[in-house]
Colleague: 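Sending over a structure as structure tokens; questions will come in a sec.
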Amino acid sequence: MIYALSALVAGWVAIAAPFPRRSRHRERFFWTLLAIGLVLLTINKQLDLQSFMTAIARCIALAEGWYDQRRTMQSVFILVFALTGFLLGLYFLWLLRGTMKRSALPLFGAVLVICFVLIRAVSFHAIDKLIHLTLPSWGSAVSVNFLLEIPGPLIILASGLWLLKRRNRA
């Protein structure tokens, strides 16, 4: 639900936020990509596509005889994913140059989302055990997975609402 709501607000920001003329196209592009990424994560959350893809990869690895080397393949996948995320982050820093008063928080939220996706993609046994831990909280328990997943989209959502509130004041 948080991904869908964040995607909706990000799309709304891309269309309606009061960006200055000199950076308007760049900021709208950033928020559009953010909305698209959050929509894809919403779909993934509903359909559990990462489990489906993991099952397909496992079947391929078994059929082609490299299942025993799956850890190496996981490491390569994670390295490529992390490098892509890092390069994407550098691109967004360049794209959003001069707009950090408005863009720093949603960019940070996007980094948190990418980090969470990367942690989930690792799928090593020790990481899975950590993610599925529950911690005692005020009257109930909260999962580590929840604590890692929620801050990114929540920051994006809050940043988007703040930008849209500025629009209403203008």
Side-chain angles (χ1 to χ4, degrees), residues 1-14 30-63 66-90 92-93 100 102-165:
M1 181 71 170
I2 189 72
Y3 288 117
L5 191 55
S6 297
L8 182 65
V9 169
W12 189 8
V13 169
F30 167 71
W31 280 95
T32 300
L33 288 181
L34 209 49
I36 291 168
L38 290 164
V39 164
L40 293 174
L41 287 171
T42 300
I43 292 167
N44 178 59
K45 190 84 171 160
Q46 295 304 309
L47 300 179
D48 196 21
L49 295 176
Q50 77 274 3
S51 296
F52 177 67
M53 296 304 288
T54 300
I56 289 174
R58 184 180 299 117
C59 288
I60 292 170
L62 286 168
W66 52 268
Y67 185 77
D68 291 339
Q69 290 81 35
R70 71 187 180 281
R71 297 288 183 216
T72 303
M73 294 303 288
Q74 280 179 321
S75 297
V76 168
F77 172 78
I78 291 162
L79 182 63
V80 167
F81 194 80
L83 183 59
T84 301
F86 177 74
L87 292 174
L88 193 59
L90 288 177
F92 282 133
L93 281 174
M100 282 301 131
R102 290 180 305 279
S103 302
L105 273 177
L107 187 57
F108 177 65
V111 167
L112 290 178
V113 169
I114 290 170
C115 288
F116 173 75
V117 169
L118 183 60
I119 288 168
R120 290 302 308 250
V122 171
S123 193
F124 289 129
H125 184 67
I127 298 292
D128 288 341
K129 279 179 73 174
L130 173 69
I131 285 176
H132 295 298
L133 279 178
T134 56
L135 305 172
S137 175
W138 297 276
S140 63
V142 63
S143 72
V144 171
N145 186 69
F146 178 82
L147 293 174
L148 292 173
E149 183 174 17
I150 295 305
L154 201 56
I155 289 170
I156 294 166
L157 176 67
S159 301
L161 291 173
W162 178 76
L163 283 169
L164 292 168
K165 184 177 180 185

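None of the values given here were measured: they were computed from a predicted structure. Heavy-atom basis, side chains included; hydrogens, waters and symmetry copies ignored.
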Colleague: Between the side chains of Glu149 and Tyr3, does any donor sit under 3.5 Å from an acceptor?
Modeller: yes
Colleague: I'd like to check Phe30 versus Leu107 (side-chain heavy atoms, cut-off strictly below 4.5 Å). Are they in contact?
Modeller: yes
Colleague: Kindly compute the distance separating CH2 (Trp162) from CG (Leu105), expressed to the nearest 0.5 Å.
Modeller: 8.5 Å
Colleague: Measure across Ala14 and Thr32 and return the closest heavy-atom pair with its distance rounded to 0.1 Å.
Modeller: CB-OG1, 3.4 Å
Colleague: To the nearest 0.5 Å, what is the distance between NZ (Lys45) and CG (Leu38)?
Modeller: 13.0 Å
Colleague: Grab the two heavy atoms, one from Ile156 and one from Val113, that are nearest each other, plus how far apart they are.
Modeller: CD1-CG2, 4.2 Å
Colleague: Which heavy-atom pair separates Leu34 from Ala110 by the least distance, and what is that distance?
Modeller: CD1-CB, 3.7 Å
Colleague: To the nearest 0.5 Å, what is the distance between CD1 (Ile150) and OG (Ser143)?
Modeller: 8.5 Å
Colleague: Between Ser6 and Leu157, what is the shortest heavy-atom contact and its length?
Modeller: OG-CB, 3.6 Å
Colleague: Any side-chain heavy atom of Ser159 within less than 4.5 Å of one from Trp31?
Modeller: yes
Colleague: Is there a side-chain contact (heavy atoms from CB on, under 4.5 Å) between Thr134 and Phe146? Walk through the geometry before answering.
Modeller: CA-CA 9 Å; Thr134 56; Phe146 178 82; over 6 Å; no
Colleague: Is atom CZ of Phe81 surrounded by more than 12 heavy atoms (other residues, nucleotides or ligands) closer than 6.0 Å?
Modeller: yes
Colleague: Give the minimum heavy-atom separation between Leu112 and Pro151, together with the two atoms involved.
Modeller: CD1-CB, 4.1 Å
Colleague: Taking the side chain as every heavy atom from C-beta outward, state whether Val111 and Cys115 have any atom pair closer than 4.5 Å.
Modeller: yes
Colleague: Heavy atoms, side chains only, cut-off 4.5 Å: are Leu83 and Leu79 in contact?
Modeller: no
Colleague: If you count every heavy atom of other residues, nucleotides or ligands that lies below 6.0 Å from Met100 atom CE, does the total exceed 12?
Modeller: yes
Colleague: Taking atom OG1 of Thr84 and atom CD1 of Ile114, what is their separation to the nearest 0.5 Å?
Modeller: 10.0 Å
Colleague: With heavy-atom distances below 4.5 Å as the criterion, would you say the side chains of Asn44 and Leu40 are in contact?
Modeller: no
